[in-house]
Amino acid sequence: MANQDNRPAEAGGTGDQESVHHLIETRLAKMSELGEQVELYPYAYDRTHTSTEMRAQEEALTAAEQKVRFPGRIMAKRGTGKTLFVPIQDEWGMIQAYFRKDDLGEEKFRLIQKLIDIGDWIGVEGTLFRTRTDELSIKVENFTFLAKAIRPLPEKFHDMSLENRSRQRHLDLAMNTDSRERFKLRSEIITDIRSFFAEEGFLEVETPVLQPLYGGATARPFTTHHNALDMTLYMRIADELYLKRLIIGGLEKVYEIAKDFRNEGMDRTHNPEFTMLECYAAYWDYHGMMDLTERMLRRLALRFGQDGKLTYGDLEMDFNLPFARVRFMDALADKTGQDLMALDTDALTRLAKGHGVVIKKGMGRDKILDELFSELVEPELVQPTFVMDHPKELSPLAKAHRETDGLVERFELFIAGFEVANSFSELNDPREQRRRFEDQKTLMEAGDDEAQPIDEAFLEAMEQGMPPTGGMGLGIDRLIMLLVDTNNIRDVLLFPHTRPERIDRNDHPEGGTT
RNA sequence: GGGCCACUAGCUCAUCAGGUAGAGCAUCUCCCUUUUAAGGAGGUUGUGCCAGGUUCGAGUCCUGGGUGGCCUACCA
């Protein structure tokens with residue numbers, strides 16, 4: 001086994017044998033006997049009906065005594081001597097197969113009774129009927145073996161632990177209908193978002209994951225290396241700077257749904273790779289983007305919620321009403337009773353500390369405002385709310401506010417207390433963009449490892465002329481969390497990042513001394 | 001990153017006065033021709049996360065490490 005290559009042969013004998021559990025041995029033995037009589041891994045199976053179709057068409061199928069052919073996975077076996085009830089699961093549900101010794105004959109009945117296990121795949125052929133306990137069933141006349149499972153499925157009437165559900169998603173999907181439904185829903189939501197953007201006239205594009213410079217957000221990147229070019233590359237933390245190049249090139253409405261990668265902590269709401277939606281429209285400002293965002297979310301709430309309302313934990317949000325729109329500084333003024341723009345940094349720091357905000361060295365005015373906002377305002381933004389017109393320093397890619405000095409034209413959309421979307425009237429003046437990058441560089445040199453590096457190639461593109469543009473980014477995973485009502489990002493990621501179960505202690509010869 | 005808790009059979013969990021481990025499901029044998037957490041009788045299954053230590057004796061106590069969960073802080 002490949003993953004054991006660099007393990008030393010320890011005393012006590014760790015070999016391939018140790019991994020062969022007796023349950024697997026038993027199944028392997030059955031497999032070789034079964035293999036003498038049937039094809040163990042055939043190539044295809046002609047299905048006539050899915051489980052849902054059979055349930056929907058039960059009356060007609062039963063009346064006509066029509067033969068159905070139904071493939072799926074065996075989820076249980078309930079024998080009563082010379083009959084056998086076998087629930088078979090397909091993607092949509094479960095249908096029970098009924099095997100009778102009298103119908104199948106001694107040999108075939110022995111196959112299903114003795115050699116075919118829970119977890120195996122089979123196709124059954126027969127007619128529909130109702131048992132006397134009123135369970136829709138297939139009276140099996142013939143069956144086809146489809147694939148052998150040599151490992152057992154988990155136990156059937158307790159939930160798997162969250163850890164095992166995430167690490168072994170194939171088992172979670174096999175065992176838990178709600179999990180299958182949740183991930184199918186995720187897919188339907190994303191498909192619907194694509195339809196929405198198509199209807200709005202946006203072009204779906206793909207931009208590089210591997211970038212010579214990262215940008216478009218404030219975060220630490222993953223770093224990798226291109227061998228042939230012998231150069232460092234970064235996994236993207238955002239799509240923004242490439243999508244803007246497309247706007248500069250004359251594609252007027254573009255969007256991308258793609259993975260971004262951020263080398264930061266993991267918890268219930270953060271995974272190192274996550275799915276981001278970004279869209280840009282030429283000639284729009286952030287008001288246009290706000291309207292677009294509101295249209296999209298109302299549509300999703302109508303299609304995937306209850307009459308345009310969503311329940312999240314014990315919160316209920318109504319997307320039918322126009323979304324609230326509040327200015328960042330106004331929201332803070334409401335909470336603190338004073339105009340924070342009028343305060344100097346010292347007074348602001350005292351105020352923030354008074355509200356329990358931890359002030360670290362090197363935090364600028366705008367950062368303090370942002371912290372204060374997170375502390376005082378965000379948790380209360382349950383109904384969909386656009387927070388507009390943020391302080392400038394935190395938004396190096398946003399255009400200055402057309403009326404108020406020190407602010408930018410930006411909005412964040414909050415729902416159920418957390419940020420779902422972020423948008424700007426995009427900065428398109430290359431001189432101003434260069435100054436903002438210089439400011440970021442200063443922050444970086446001061447030790448801020450999340451500050452954005454200067455991207456000369458992007459500046460050069462902008463110098464070719466970028467039209468007025470509105471842009472918006474939206475965290476898909478968080479949106480899905482809202483729509484499926486879960487507080488754990490693992491529930492909406494098929495394969496969330498997990499640490500390896502076992503550390504190979506032989507990686508570091510001197511090991512253990514840290 | 002900080003705090004608290006957990007890790008025992010393939011799965012879900014008990015054993016908590018330290019004396020070399022149990023249940024249900026799964027699996028095996030037998031009985032049962034409409035069961036559905038089928039039922040009945042009997043059997044198999046464990047380096048008790050890893051490494052040290054205390055002890056006559058450790059799953060149980062101590063130390064270190066690993067993985068996970070919850071709370072807390074930060075980035076989406």
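Keep in mind that the numbers below use all heavy atoms, side chains included, and drop hydrogens, waters and symmetry copies. Residue numbers start from 1 in every chain, and the chains themselves are labelled A, B, ... in the order their sequence lines are given, proteins ahead of strands.
A stacked arrangement is assigned to Phe274(A) and the six-membered base ring of rA76(B), with a centre-to-centre distance below 5.5 Å and an interplanar angle below 30°.
In this structure, Arg100(A) does not reach the rU34(B) phosphate: none of its side-chain N or O atoms is under 4.0 Å from OP1 or OP2. Put simply, Ser161(A) has a side-chain N or O that comes within less than 4.0 Å of OP1 or OP2 on rU12(B). The side chain of Arg167(A) places an N or O atom within less than 4.0 Å of a non-bridging phosphate oxygen (OP1 or OP2) of rG68(B). For Asn164(A), a side-chain nitrogen or oxygen approaches OP1 or OP2 of rU12(B) to under 4.0 Å.
Applying the side chain to side chain donor-acceptor pair (under 3.5 Å) test to Asn142(A) and every residue at least two apart in sequence or in another chain returns Lys108(A). Listed by chain and number, the residues in a side chain to side chain donor-acceptor pair (under 3.5 Å) with Ser51(A) are Asp90(A) (sequence neighbours excluded).
The residue Tyr98(A) sits close to a base: some heavy atom pair falls under 4.0 Å. Nucleic acid contact class of Phe99(A) (heavy atoms, under 4.0 Å, all strands): none. Base engagement by Gly79(A) is indicated by at least one non-hydrogen atom pair under 4.0 Å involving a base atom. Here Gly475(A) lies out of heavy-atom contact (under 4.0 Å) with every strand. Looking at heavy-atom distances under 4.0 Å, Arg490(A) makes contact with sugar-phosphate atoms alone, never a base.
Searching all strands for a Watson-Crick or G-U wobble partner of rG48(B) with both distances below 3.5 Å returns nothing. In this structure, rU29(B) forms a base pair with rA41(B), meeting either the Watson-Crick or the G-U wobble geometry with both donor-acceptor distances under 3.5 Å.
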Taking N or O atoms only and anything under 3.5 Å, show me the protein contacts with nucleotides 1-3 of chain B, one pair per line.
none

Close N or O pairs between protein and nucleotides 23-30 of chain B (under 3.5 Å):
| from | atom 1 | to | atom 2 | distance (Å) |
| --- | --- | --- | --- | --- |
| rG24(B) | N2 | Glu155(A) | OE2 | 3.3 |
| rA26(B) | OP1 | Lys156(A) | NZ | 3.3 |
| rC28(B) | OP1 | Lys30(A) | NZ | 2.3 |
| rC30(B) | OP2 | Lys114(A) | NZ | 3.2 |

Between the protein and nucleotides 71-74 of chain B, list every N/O to N/O distance that falls short of 3.5 Å.
| from | atom 1 | to | atom 2 | distance (Å) |
| --- | --- | --- | --- | --- |
| rC71(B) | OP2 | Arg268(A) | NH1 | 2.7 |
| rC74(B) | N4 | Asp267(A) | OD2 | 2.8 |

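Residue Thr131(A) places a side-chain atom within donor-acceptor reach of the base of rU35(B), judged by atom type and a 3.5 Å distance cut-off alone. With hydrogens and angles left out, the side chain of Gln96(A) and the base of rU35(B) share a donor-acceptor pair within 3.5 Å. Taking 3.5 Å as the limit, the base of rU35(B) and the side chain of Arg78(A) contain a donor-acceptor pair of atoms between them.
Annotation: of the two residues near RNA chain B, Asp102(A) and Thr498(A), the 5′-most nearest-nucleotide partner is Asp102(A). Judged by closest nucleotide on RNA chain B, Met160(A) is the one of Met160(A) and Met276(A) placed further toward the 5' end.
Classified by interplanar angle (parallel below 30°, tilted 30° to 60°, perpendicular above 60°), the ring pair Phe328(A)/His390(A) is tilted. The aromatic rings of Phe414(A) and Phe373(A) sit tilted, their planes meeting at an angle between 30° and 60°.
To the nearest angstrom, P of rG10(B) lies 10 Å from CD1 of Ile24(A). One can place CD of Glu163(A) at 11 Å from C1' of rA6(B), the figure rounded to the nearest angstrom. Rounding to whole angstrom units, CG of residue Asp159(A) and C1' of rC13(B) are separated by 13 Å.
Within the structure, the side-chain hydrogen bond (donor to acceptor under 3.5 Å, both in side chains) test picks out the following pairs touching residues 372-381 of chain A (sequence neighbours left out): Lys335(A)-Glu380(A), Ser374(A)-Glu378(A).
Two rings, from Phe129(A) and Tyr98(A), have their centers less than 6.0 Å apart.
A side chain to side chain donor-acceptor pair (under 3.5 Å) with Glu273(A) is found for exactly one of Arg262(A), Lys259(A), His497(A), namely Lys259(A).
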